[in-house]
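Protein chains get the first letters and strands the later ones, always in sequence-line order, with residue 1 at the start of each. On a predicted model such as this, the values are computed, not experimentally measured, just so you know.
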2 protein chains.
Amino acid sequence: MVQLDERKKSILKAVVDDYIATAEPVGSKSLVTRYHFNVSSATVRNEMAELEEMGYLEQPHTSAGRIPSDKGYRAYVDSLLSVEDLSEEAADRIRHYFQESIDELTGLIRKASTVLSEQTGYTSVALSPHLKRSHLSQIKILMIEPGRALVVVVLSAGVVKDRLVRIPEILDAEQLMRIANAIEDQLSGMTLDDITLVTVATAAKQTTLPESLLNQVLYEAYVSIKQADNLEVYMEGSHNLLSYPEFYDVKKAREYLKTLTATGMIAGYMSELRDNADPGDEMQNDESVRDQSEPPDKHLILQLPEKRYGNSQEDDRRNPAYTVRIGQEIMLEGLRDCSFITTTYKMGDFVAGRIGVIGPKRMAYGKVISHISFVKKTLNDQITHLSKGKSRTEGK
Amino acid sequence: MVQLDERKKSILKAVVDDYIATAEPVGSKSLVTRYHFNVSSATVRNEMAELEEMGYLEQPHTSAGRIPSDKGYRAYVDSLLSVEDLSEEAADRIRHYFQESIDELTGLIRKASTVLSEQTGYTSVALSPHLKRSHLSQIKILMIEPGRALVVVVLSAGVVKDRLVRIPEILDAEQLMRIANAIEDQLSGMTLDDITLVTVATAAKQTTLPESLLNQVLYEAYVSIKQADNLEVYMEGSHNLLSYPEFYDVKKAREYLKTLTATGMIAGYMSELRDNADPGDEMQNDESVRDQSEPPDKHLILQLPEKRYGNSQEDDRRNPAYTVRIGQEIMLEGLRDCSFITTTYKMGDFVAGRIGVIGPKRMAYGKVISHISFVKKTLNDQITHLSKGKSRTEGK
DNA sequence: AATTAGCACTCTTAATGCATGAGTGCTAAA
DNA sequence: TTTAGCACTCATGCATTAAGAGTGCTAATT
């Protein structure tokens, strides 16, 4: 981006904007007329040729217009895009979704996902919180019927998970409770990561039950604890992308859907993402990004219908609360023509889970970013609200 | 179907078979050559014209081949189709899926759904059991932290559901237990349908707690009990149908996906289905169905590559264990070009839930029916296996 | 009376040619 | 450095054509 003068930036931005709006390769002539450049099409043509040379644009075939390359989108997102704050109506619409109070964390996360897909018109994904580093707070073993029990695991964050298990038929409710209490006494406060089959077994040593009976229960308790941080994925609006021309090719659409529904694929990918990771290329030079806020000099010949450059959202850009992955940057087959915008939500003090929006590369980045930012905020609020009083049990 | 002589039946069957295989309108000439009829194409042509007259076939346009109408498919499914038993390899493949033992009912149902979609190549749906008529067996209220509790509801069938709720902060674990015990003492054995807010409130009268405190807990307990029979839908392989030419039109594909993912749509539809419901039209005459088993007379000019008429599967037909809905019979927009084959699975003694396969009308009915029948059987076995020992708690 | 051969006709599909127009790159003038 | 101008390219749309698969109908055959 360092190499791009103002005019090139304007042109690149215009090309991306136009292509996002129309899905048609954009040519020099229509650019000039539609965006009221005060230079001739020939000049724009030359600039576009250079932009192509530099890798920001590409041509589907000779004598067609240009479309942005992944690098072009990247530059657009990193330094050309103006992210507006969400309009009051849109914010209200989102708040409205969250109005009916929900008492389960999963319900909230689901809702966030629904909101995102419905309000953006793309596909949304949400990941249940990552709980590896949370502590065991309680464990109960509830007798269901001889031979079957329900293990309930409560984590520090107030998250509750349970699991039906098979146990020796001779055990009664009283004995199960004693085992659970022993485990709870010894292990509560430990992080899930630190708990092993050995620690569980040791914890239950003090109970007077014969080992042969204990073993199966302990194993199930252990598995239940370990599974408490199982990732869950919520997805909404996967059909939405079929409205966009890039998926008119059914083969592509199928690949895309297959990738989305393949169990674990998206979850695995999302859980490995890191926020603020500089998508390593020459764009990372922050100076050039800041350039934007300079007053437009006489070279900035583009007169945008509405100018939104260089003001408050610069803060967002300096400390982006979201991650954007574009096209090939997403390492999943079937999502090659997509972009993936994600952000995290918090539970208590540390980063918990992730929500995201998947759309065509040609997606309305500004709109999605403002929506996802707002949903993130709302979700965080709701979660705090949900677990108020939580601190009292924490660490037990 | 009464009106159809053997030759018409043969021809209709051949047309449907061919169209299912090729997705191309089938003409008289290719029918004669491909299926080794020993009559001329002209004769077949006349018969096809009559079949069209009668409503079993239709023409996409003049001078094209014929394709089956919904009525044609209906006749095919009701009396022309030969359902083979599942091959041993296919059966093994299914058994293999169920090999790893699963301790949760939902896990089993999920698995059944996965198997069906993967083995048939279509979309599968499974509904969690319908529990309205099962009894409340246990209810526990577990303190999670001051102000929050987990209500665990155990039903007669051994099904366990739970729900996080908010409660007055002053209540302690001891009090919650007393409330739960009171409810359990009074209401266990009642069907979910019979339990009302009033019965719950009455049950808890004997506890010595002040009403103001009780009310919120009772309400939450009531809701938890009522929600224990919430239907859940599991769907698998929704992308599969995109492989079939009838969905090459992206618009259709989108409608289809939208209908599938619309919450409640499929669940509502499936839960209203009744097995063995005669799809009221002139086909219901059982005599004609039986005709099939008669030795082919000299009019049966069709020599099928492999004949499977008139033997064991006649029993299946007399007492079909599955329901087939074809095209317009499915009253869901977006599934107009689909067929929907469902069957039920049992839990204990009575019908519990439903599993089904959605494919194009042009689906391989025989294959799907044999698969779904086998999965049904396997699922029933697994469920019985799961809740052996159940009877001991039943009725409590 | 049922079957079939034959024929004229219909309609889709694929291939071809052609005109149009939006786009390009390049050159030479401003 | 910018721009006007021009030749060139290529996708798109449209009309035409030929082939092929299918039909319905009639008259001959069994």
Side-chain angles (χ1 to χ4, degrees), chain A residues 4-8 10-12 14-15 18-19 21-54 56-69 245-246 248-249 297-302, chain B residues 4-8 10-12 14-15 18-19 21-54 56-69 245-246 248-249 297-302:
Chain A
L4 296 190
D5 57 38
E6 286 307 317
R7 191 166 68 192
K8 282 211 180 56
S10 310
I11 290 174
L12 180 53
V15 171
D18 201 69
Y19 186 64
T22 66
E24 298 288 330
V26 11
S28 52
K29 209 163 185 174
S30 59
L31 249 201
V32 172
T33 59
R34 238 185 306 227
Y35 291 82
H36 307 103
F37 282 87
N38 44 26
V39 293
S40 76
S41 69
T43 310
V44 174
R45 201 142 61 233
N46 290 332
E47 294 281 44
M48 285 170 85
E50 279 183 64
L51 280 167
E52 182 174 3
E53 186 96 344
M54 294 162 125
Y56 293 102
L57 297 179
E58 45 197 38
Q59 252 178 323
H61 54 84
T62 15
S63 87
R66 304 303 209 294
I67 63 175
S69 65
E246 26 273 277
Y248 280 2
D249 176 9
D297 65 9
K298 64 169 189 271
H299 283 165
L300 185 58
I301 43 171
L302 169 62
Chain B
L4 295 190
D5 57 37
E6 286 305 318
R7 191 168 67 190
K8 282 211 180 54
S10 309
I11 290 174
L12 179 53
V15 171
D18 201 68
Y19 186 64
T22 65
E24 297 288 329
V26 10
S28 52
K29 208 163 186 174
S30 59
L31 249 200
V32 171
T33 59
R34 239 187 305 229
Y35 290 82
H36 307 102
F37 282 86
N38 43 27
V39 293
S40 77
S41 69
T43 309
V44 175
R45 201 143 58 235
N46 290 331
E47 294 281 44
M48 285 170 84
E50 278 183 63
L51 281 167
E52 184 175 1
E53 185 96 346
M54 294 163 126
Y56 293 101
L57 296 178
E58 46 198 37
Q59 252 179 324
H61 53 86
T62 15
S63 88
R66 302 306 209 292
I67 62 174
S69 66
E246 26 274 275
Y248 280 3
D249 176 9
D297 64 11
K298 64 173 190 270
H299 283 165
L300 185 58
I301 44 171
L302 168 63

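- Here the CG atom belonging to B:Leu31 is positioned 5.5 Å from the CE atom belonging to B:Met48, to the nearest 0.5 angstrom.
- Distance check, rounded to the nearest 0.5 Å: CZ of A:Arg66 to OG of A:Ser28 gives 8.0 Å.
- The CD atom of B:Glu47 sits 11 Å away from the P atom of C:dA2 (whole-angstrom rounding).
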Nucleotides 10-30 of chain C: protein proximity per nucleotide (B base, S sugar-phosphate only, - neither; heavy atom, under 4.0 Å): BBS----------BBB-----
Check step by step if side chain to side chain donor-acceptor pair (under 3.5 Å) holds for A:Thr43 and A:Ser40. CA-CA 5 Å; A:Thr43 310; A:Ser40 76; 3.3 Å; yes
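- Taking atom CD1 on B:Ile67 and atom C1' on D:dG22, their separation rounds to 14 Å, with Å as the unit.
- Here B:Thr43 reaches the OP1 or OP2 of C:dT4: one of its side-chain N or O atoms lies under 4.0 Å away.
- Take A:Thr22 and apply the side-chain contact (heavy atoms from CB on, under 4.5 Å) test, not counting sequence neighbours, and it matches A:Asp18, A:Glu24, A:Arg34.
- The distance from atom OH of B:Tyr35 to atom OG of B:Ser10, rounded to the nearest 0.5 Å, is 12.5 Å.
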